[in-house]
Number of protein chains: 2
Amino acid sequence: MSTPQPLLILTPDDLLAERWRALSSSPIRATELSGLDTWRKAGHRLVVVDLGGYPPAAPPLWTQDAWQNNAADLAILATSSRPDDEEGLAALNAGACGYCHSHAPIDTLRQALEVIAGGELWVGRALLSRLLRLVDSRLPRAGLADWARPLTEREREVAHHAALGESNVAIADALGITERTVKAHLKAVFEKLQVADRLQLALRVHGVR
Amino acid sequence: MSTPQPLLILTPDDLLAERWRALSSSPIRATELSGLDTWRKAGHRLVVVDLGGYPPAAPPLWTQDAWQNNAADLAILATSSRPDDEEGLAALNAGACGYCHSHAPIDTLRQALEVIAGGELWVGRALLSRLLRLVDSRLPRAGLADWARPLTEREREVAHHAALGESNVAIADALGITERTVKAHLKAVFEKLQVADRLQLALRVHGVR
DNA sequence: ACGCGACCTGTCCTTGTGGACAATGGCGGC
DNA sequence: GCCGCCATTGTCCACAAGGACAGGTCGCGT
């Protein structure tokens, strides 16, 4: 099922444009940001744009006039080949309705377009979960109970300390046991959670893919 | 287009269940939270649940065992007839993959289910835009890529790799430089960001206090 | 031309980490 | 009583990480 609405593909990158052609039955291609003007005036809404397609030296697309003047009336899916939380937030705050990877699976892009065409917002899993964590300072433990599930009580404690960056000695000290014991617990934790080291453990515990 | 995957409808409210029946070709209905157990064990993933369907006096669904034990393996769309930011955040943090109004248009619900079935997260426009504004205003510059500001371009790259848990050799390999150089960059990063080691760096980069 | 900063590389060296062998005592289920 | 799981501690060892010296090139601005 392809997007029923007319779609504007906005990127100077020919390869990307070719790839995106599958997003709609008959997409229109533009390479200049000014294409947004004519698109809006033609009464259309749906746009997919590659933020990273222009020289890094240039000012971000969303700060330019053509964007500012039209974003409110359009449904813009902003994409980047090197996604970055900061960039995504900026684009969304500047009126974009979605943000994801330029080379995301074509089905994902299509889904994102359908979502923003329906008036909703689209934010990729990574950025969204990051946002949730940022806003919600309180319940870090409730939802993360899943990583702790296979662990014993003691292992949980050790893992928790280790995930905050404490050294083995510090953990041993805090729990009143030997460093050797901490190592033993951590070994078990690594095995049960299928991680290689304490850094991977920290990422898992704090919900980073 | 209805959801191809089997769907579990979880609510004690008969009217709501009837309404939701259109979400899938042959949905399964359950009224007790324990239905999550059997659903997961049957190898299914997709669930839509009404958070508000139970007595207000009862503890929130997401704090109960049946939820905690199964949320990680399921794709749960939580809904509420009286949506509330706090509730939504709590549910999402407890492992729900989406949050919206119980009586949202059936097409919207269907779209939300498709999205979470695809492994993404779904947050309605209202809550999401509030989130964005919150993040934008409350942490304007303590924001996301704040850590990267004092760093040079190369240091940023190295720091980014290191924060994902890659070893010095792996980073060197990825960037086409020597391990020694990676160490040099990391030393500069540690100094500039005032952190002791790569784990603290990872925590900083991923926004853990 | 000179200084400065970014980037890159080299050789020690100390310490932390994690794995590979162990062992001991307690406690609950069959 | 035996078996399995948990918690605890021991030694030895290979290796990664990070600090402390060192050095080099390149480009850019004064």
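The model shown is predicted, which means the values in this text are computed figures rather than measured ones. Naming: A, B, ... by sequence-line order, numbering from 1 per chain.
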Just compare D/dG19, D/dT8, D/dG18 and give me whichever is closest to any side-chain atom of B/Lys187.
D/dG19
So where does chain A start and stop touching DNA chain C, 5' to 3', when the test is distance under 4.0 Å to a non-hydrogen atom?
C/dT17 to C/dC21
Counting just side-chain N and O atoms, does A/Thr181 come under 4.0 Å of either OP1 or OP2 of D/dT9?
yes
Looking at the side chain of B/Asp197, which of D/dG18, D/dT9, D/dA7 is the nearest nucleotide?
D/dG18
If the cut-off is 4.0 Å, is A/Thr178 near the phosphate of D/dT9, judged by side-chain N/O to OP1 or OP2?
yes
Answer yes if the side chains of A/Ser102 and A/Ser81 hold a donor-acceptor pair under 3.5 Å, and no otherwise.
no
Are any protein N/O atoms closer than 3.5 Å to N/O atoms in nucleotides 23-28 of chain D? If there are, list each pair with its distance.
none

Using only side-chain N and O atoms of B/Asn168, determine if any of them is under 4.0 Å from OP1 or OP2 of D/dA17.
yes
Distance check needed: D/dA17 C1' versus A/Leu199 CG, whole Å only.
12 Å
Interatomic distance, B/Thr11 atom OG1 to B/Leu16 atom CG [nearest 0.5 angstrom]:
5.0 Å
Can you tell me the distance, in whole Å, between the CD atom of A/Glu155 and the C1' atom of D/dC5?
10 Å
Could you please name the option among D/dT8, D/dA22, D/dA17 that lies closest to any side-chain atom of B/Arg180?
D/dA22
Name the residue from B/His160, B/Arg154, B/His161 that meets the side-chain hydrogen bond (donor to acceptor under 3.5 Å, both in side chains) definition with B/Glu157.
B/Arg154
